[in-house]
Amino acid sequence: YICTDGVIVDSNKPIFKPAVEDIKPEITLTPMIEAINGIYSSDVTIAVKVIDPVVENTYAGLKEIRYEVTDQGVVTQSGVLYSFNVKWPTQSDLLQVWESQKAIVVNSKLNNSNDVKVKVYAVDNAGNKNEDALSLKIDITKPTIEVIYNNNDGDTTFADGTYFNAYRTAQVVVTERNFNSADVIF
């Protein structure tokens, strides 16, 4: 006969299984066009996929998905991509995955900057929140080229042209926000 007097010795570690209430929605943001040298030159369509993870064969279901586009910290676009407002839903009413290949179109005229951020916020019916962001560089401004010559005193007495009897130096000025000297060919 052994009496433990209320003391139990257990050498097994507890197993932690996260509850549905502890699992954040997973967000994936994917630009649908390729950037050239990391820069977009037009509107950028963003695909969005949000998953409410399954835990022990159940999930809370997605409640709301919204987005914001900022240019240098100022909100230029925003909206709600999905909203769920059923008061007493059944499991079949709950949405576990939401996705769209054309969820967000970043307007290049509103966001002509190297500091554009697309943020997506998601919340599930248990109140778990998550956000993800994607940084973009958008440049729709055409570069300008100006050529300036010294020694503009040419001889115009010959037919239709102007002729110079001394050396001239051309100064070429390229104005471009994302300038790369390797892109200039003389």
Side-chain angles (χ1 to χ4, degrees), residues 24-53 62-83 95 97-124 128-186:
K24 297 178 183 178
E26 299 166 359
I27 303 170
T28 305
L29 306 174
T30 309
M32 297 307 292
I33 61 173
E34 285 290 321
I36 298 172
N37 296 326
I39 303 167
Y40 296 92
S41 61
S42 63
D43 291 351
V44 182
T45 300
I46 307 293
V48 178
K49 184 174 185 178
V50 180
I51 301 171
D52 191 26
L62 297 168
K63 182 177 179 93
E64 183 178 78
I65 304 167
R66 61 185 177 87
Y67 75 94
E68 244 180 27
V69 179
T70 60
D71 180 358
Q72 299 179 46
V74 177
V75 176
T76 57
Q77 296 174 250
S78 63
V80 175
L81 300 172
Y82 174 77
S83 182
L95 186 65
V97 177
W98 183 92
E99 78 178 301
S100 172
Q101 298 297 308
K102 299 177 181 178
I104 304 166
V105 177
V106 180
N107 185 316
S108 60
K109 290 179 183 170
L110 296 175
N111 300 286
N112 186 17
S113 165
N114 285 355
D115 187 20
V116 177
K117 290 195 178 34
V118 179
K119 295 179 186 175
V120 172
Y121 306 89
V123 62
D124 66 16
N128 299 308
K129 299 175 184 177
N130 199 4
E131 67 180 69
D132 197 7
L134 178 68
S135 294
L136 304 173
K137 293 180 181 181
I138 300 175
D139 187 354
I140 60 170
T141 305
K142 293 179 181 179
T144 61
I145 301 173
E146 180 182 12
V147 181
I148 304 166
Y149 291 96
N150 71 345
N151 184 16
N152 290 317
D153 297 326
D155 186 351
T156 59
T157 60
F158 297 98
D160 296 330
T162 302
Y163 298 91
F164 298 90
N165 63 1
Y167 289 109
R168 296 179 77 196
T169 303
Q171 177 185 7
V172 179
V173 178
V174 177
T175 305
E176 165 60 34
R177 179 173 12 125
N178 296 293
F179 183 77
N180 180 351
S181 62
D183 294 338
V184 178
I185 301 170
F186 286 99

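All residue numbers refer to positions in the sequence shown, counting from 1.
In plain terms, the two heavy atoms of Ala103 and Ser100 that are nearest each other are N-OG, 3.3 Å. Taking each heavy atom of Tyr82 and Leu62 in turn, the nearest pair found is CE2-O, 3.4 Å. Annotation for Ile46 and Pro31: closest pair CD1-CA, 3.9 Å, computed over non-hydrogen atoms. What you find for Ala170 and Val147 is that their closest heavy atoms are CB-CG1, 4.2 Å. Closest approach of Thr162 and Gly154 over heavy atoms only: CG2-CA, 3.6 Å. When all heavy atoms of Ala166 and Asn151 are compared, the closest pair comes out as CB-ND2, 3.5 Å.
Heavy atoms of other residues, nucleotides or ligands lying less than 6.0 angstrom from OH of Tyr149 number 12 at most. Atom CD1 of Ile36 has 12 or fewer neighbouring heavy atoms from other residues, nucleotides or ligands inside a 6.0 Å radius. The number of heavy-atom neighbours closer than 6.0 Å to CD1 of Ile145, taken from other residues, nucleotides and ligands shown, is 12 or below. Within 6.0 Å of CG in Asn165 there are 12 or fewer heavy atoms belonging to other residues, nucleotides or ligands.
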Start with the C-alpha gap between Asn180 and Asn37, add the side-chain angles, then the distance that decides, and say whether side-chain contact (heavy atoms from CB on, under 4.5 Å) holds. CA-CA 10 Å; Asn180 180 351; Asn37 296 326; 5.6 Å; no

side-chain contact (heavy atoms from CB on, under 4.5 Å) assessment of Ser108 paired with Asp43: CA-CA 5 Å; Ser108 60; Asp43 291 351; 2.9 Å; yes

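The distance from atom CD1 of Ile138 to atom CZ of Arg177, rounded to the nearest 0.5 Å, is 9.0 Å. Rounding to the nearest 0.5 angstrom, the gap separating the CG atom in Asn152 from the CZ atom in Phe164 is 6.0 Å. Separating the CD atom in Glu26 from the CG atom in Asn130 is a distance of 8.5 Å, to the nearest 0.5 Å. In this structure, Trp98 CH2 and Ile65 CD1 are separated by 5.5 Å, a value rounded to the nearest 0.5 Å. How far OH of Tyr40 is from CG of Leu136: 5.5 Å, rounded to the nearest 0.5 Å. Here the CZ atom belonging to Arg66 is positioned 10.5 Å from the CG atom belonging to Leu81, to the nearest 0.5 angstrom.
Under the side chain to side chain contact (heavy atoms under 4.5 Å, CB included) criterion, Lys49 pairs with Thr28, Ile51, Val97, Glu99, not counting sequence neighbours. Partners of Asn150 under the side chain to side chain contact (heavy atoms under 4.5 Å, CB included) rule, at least two apart in sequence or in another chain, are Arg168, Thr169. Qualifying ring-ring contact (aromatic ring centres under 6.0 Å, His included) partners for Tyr167, counting only residues two or more places apart in sequence or in other chains: none. Take Asn178 and apply the side chain to side chain contact (heavy atoms under 4.5 Å, CB included) test, not counting sequence neighbours, and it matches Ile39, Asn114, Asp139, Glu176. In this structure, the side chain to side chain contact (heavy atoms under 4.5 Å, CB included) partners of Ala47, at least two apart in sequence or on a different chain, are Thr30, Met32, Gln101.
Using a 4.5 Å cut-off on side-chain heavy atoms (C-beta onward), Leu134 and Asp132 make no contact.
Remark: side-chain polar atoms of Asp52 are not paired, donor with acceptor, to backbone N or O of Pro25 under 3.5 angstrom.
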List the atom pairs, donor and acceptor, that lie under 3.5 Å between side-chain atoms in residues 67-80 and the rest of the protein, sequence neighbours left out.
| unit_1 | atom_1 | unit_2 | atom_2 | d |
| --- | --- | --- | --- | --- |
| Glu68 | OE1 | Tyr121 | OH | 3.4 |
| Asp71 | OD1 | Ser113 | OG | 2.8 |
| Gln72 | NE2 | Ser113 | OG | 3.4 |
| Thr76 | OG1 | Val69 | O | 3.2 |
| Thr76 | OG1 | Asn111 | OD1 | 2.6 |
| Thr76 | OG1 | Asn111 | ND2 | 3.4 |
| Gln77 | OE1 | Asn107 | N | 2.9 |
| Gln77 | OE1 | Asn111 | ND2 | 3.0 |
| Gln77 | NE2 | Val105 | O | 2.9 |

